[in-house]
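In what follows, a structure is listed as structure tokens, so that the remarks can point back to it.
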Amino acid sequence: MKSSFRIKVLPYFSFVILSINVFHYMMAQPKGYNYDESKVPDYQLPLLLRADSGKKISSRDEWKSIRRPEILHHLEQEVYGKNEIPLEQIKVQTSLIESGDTEYGTRKQYRIVFSSKYKEVVLNALVYLPKTIKKPVPLFLGLNFRGNHTVSPDKEIIITKAWVRPGKGIINNCATEDGRGTSSSRWDIQQILSNGYGLVTAYYGEIDPDFDDNFKNGIYELLGSNRKQKPDSGGSIDAWAWGLSRLVDFIHTQPAFDKNRIIVLGHSRLGKTALWAGAKDQRIALVISNNSGCGGAAISRRCFGETIKRINTSFPHWFCKNYSKYNEQEDKCIVDQHSLLSLIAPRPLYVASASEDLWADPYGEYLSIKETIKVYQLYGYKFDKYWSEDIEHKVNPGTSYTGKIGYHLRKGKHDVTSWDWEKFIQFAEYNFSKLN
Ligand code: GTR
């Protein structure tokens, strides 16, 4: 390298790289929030094994009949809201509109139309099945952020007509050809199919567009325009979870899928959604949240990274209105996020964090899943030693635990990578092998 090049160009180049990194850091870790473990306030978690009446919960029957319904009710009432769609009045029509072979398996595209006396809502499901199927296959079900055509460069995938948040390949909130495959690094279809799993995905914005319009569009249209949002009416996370359950209904009509091995997973806001769907819909066999953070797996009382006030301010449509009561009043809430995770028990649950994703509080996510062990123990599960080791405010990046519940801390930023998928598949294999 010529020295003049080194002198003139390299400082500029390093400056650009540094600026990009600083920019990413600022975006990932907004200023004015706590990222320092020593500043986490003292807090007490709501007890999972103590009923509202004060009664100690000491058996799985008491958990199932008393405490689980109480926690579910509190989460509906105070956090995510109640779903108001009258399922019995909704007509559902499903049609296969396209299918073909790909390098790794078969692609099928379905159009699912929900109609009420007021409106129709269309949800496009993209399905991949492994090449050879000898018996019904287990599958991953997850919503995507910018349309089905972003999960693979596959030219046949239908482009959504719904409203999309700004991003690559999006013009005036409309998806275009340029977006094809732009999220493919987050969906390792080859790894999924070659391990014998199917994949079902759909665009979350077809269920409810992700902006605050006072709950008028998406599935809220099924309820008519005169409806009023109550303090405990479901928000968008609840709407997306409703969509996941409707996709579970769809999967139940497909002979290629093993209905007892439906895995629901999601990243970030869709990780919060996967947990809420898994909590409510017990047909979901295994739940995975990836970097779900505040309002997902992370303990809110820690006030580490994103806070309840910030999330309710930036995204006033995600939760029910009641949730704003806990802005800067985390300790007043009758539940915390470990309560949400506890509702997955005794089904396998996996929480995935990333070491640089401090906004989502990786350690708070770890503490939260660890807390649920008490509920799994009611079902007789024995836990590996690593969960009882006192890890002083840290889990080493690269660590992964597999068992009835699992956790990993990937090295790196807020994202979903093939490394994450490898761990998800290992976790599913471990738990599903015990189902036989
Ligand atoms: C962030 C939000 C997080 C997370 C993330 C995402 O802006 O603060 O809670 O949900 O968005 O979903 O990408």
Side-chain angles (χ1 to χ4, degrees), residues 23-35 79-80 142-147 150-151 163-168 170 179 182-183 185-187 201-205 207-212 218 235-241 243-244 264-278 287-320 323-324 326-328 330 336-337 340-341 351-365 368 410 412-417 420:
F23 177 74
H24 273 296
Y25 180 82
M26 278 162 52
M27 292 294 287
Q29 280 165 226
K31 276 201 191 133
Y33 295 88
N34 177 38
Y35 304 105
V79 184
Y80 303 98
L143 299 175
N144 62 69
F145 277 89
R146 293 183 200 277
T150 63
V151 310
W163 182 96
V164 189
R165 288 191 298 136
K168 195 168 181 310
I170 313 294
T182 45
S183 300
S185 65
R186 289 185 169 182
W187 298 90
T201 184
Y203 170 49
Y204 83 134
I207 304 165
D208 189 19
D210 194 357
F211 62 89
D212 184 18
S236 290
I237 292 179
D238 182 68
W240 301 324
L244 282 171
V264 164
L265 90 165
H267 169 61
S268 206
R269 67 198 70 183
L270 296 176
K272 311 181 207 301
T273 304
L275 290 168
W276 182 228
V287 181
I288 300 173
S289 81
N290 192 70
N291 307 177
S292 61
C294 180
I299 301 283
S300 303
R301 279 165 169 74
R302 282 170 46 80
C303 303
F304 189 106
E306 189 171 27
T307 60
I308 294 183
K309 181 176 178 192
R310 160 72 194 233
I311 208 165
N312 281 327
T313 311
S314 312
F315 308 103
H317 56 297
W318 281 5
F319 298 88
C320 71
Y323 198 40
S324 308
Y326 308 107
N327 292 349
E328 296 182 325
E330 291 78 4
D336 205 311
Q337 296 310 116
L340 171 67
L341 300 190
V351 170
S353 306
S355 62
E356 292 165 24
D357 186 18
L358 299 190
W359 186 236
D361 187 13
Y363 188 61
E365 295 196 311
S368 184
R410 173 176 46 75
K413 61 185 176 62
H414 190 71
D415 201 359
V416 194
T417 68
D420 294 309

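Both ligands and their constituent atoms are indexed starting at 1 by order of listing. Positions are given from 1 along the sequence.
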Separation of Glu330 CD from Cys294 SG (nearest 0.5 Å) | 8.5 Å
When the ring planes of Phe211 and Trp163 are compared, do they come out parallel, tilted or perpendicular, using 30° and 60° as the limits?
-> tilted
Is there a side-chain contact between Leu340 and Tyr80, using heavy atoms and a 4.5 Å cut-off?
-> yes
Ring geometry between Tyr323 and Phe319 (parallel below 30°, tilted from 30 to 60°, perpendicular above 60°) = tilted
Within the protein, flag every N or O under 3.5 Å from an N or O of ligand 1, and note the pair and distance.
residue	atom	partner	partner atom	Å
ligand 1	8 (O)	Glu306	OE1	3.1
ligand 1	8 (O)	Glu306	OE2	2.6
ligand 1	8 (O)	Trp359	NE1	3.0
ligand 1	9 (O)	Lys272	NZ	2.9
ligand 1	9 (O)	Glu306	OE1	2.5
ligand 1	9 (O)	Glu306	OE2	3.4
ligand 1	10 (O)	Ser268	OG	3.3
ligand 1	10 (O)	Arg269	N	3.2
ligand 1	10 (O)	Lys272	NZ	3.3
ligand 1	11 (O)	Arg269	NH2	3.0
ligand 1	12 (O)	Ser268	OG	2.7
ligand 1	12 (O)	Arg269	N	2.9
ligand 1	12 (O)	Arg269	NE	2.5
ligand 1	12 (O)	Arg269	NH2	3.3
ligand 1	13 (O)	Ser268	OG	3.0
ligand 1	13 (O)	Arg269	NH2	3.3

How are the rings of Trp359 and Tyr35 set relative to one another: parallel (under 30°), tilted (30 to 60°) or perpendicular (over 60°)?
-> tilted
For His317, all residues meeting ring-ring contact (aromatic ring centres under 6.0 Å, His included), sequence neighbours excluded = none
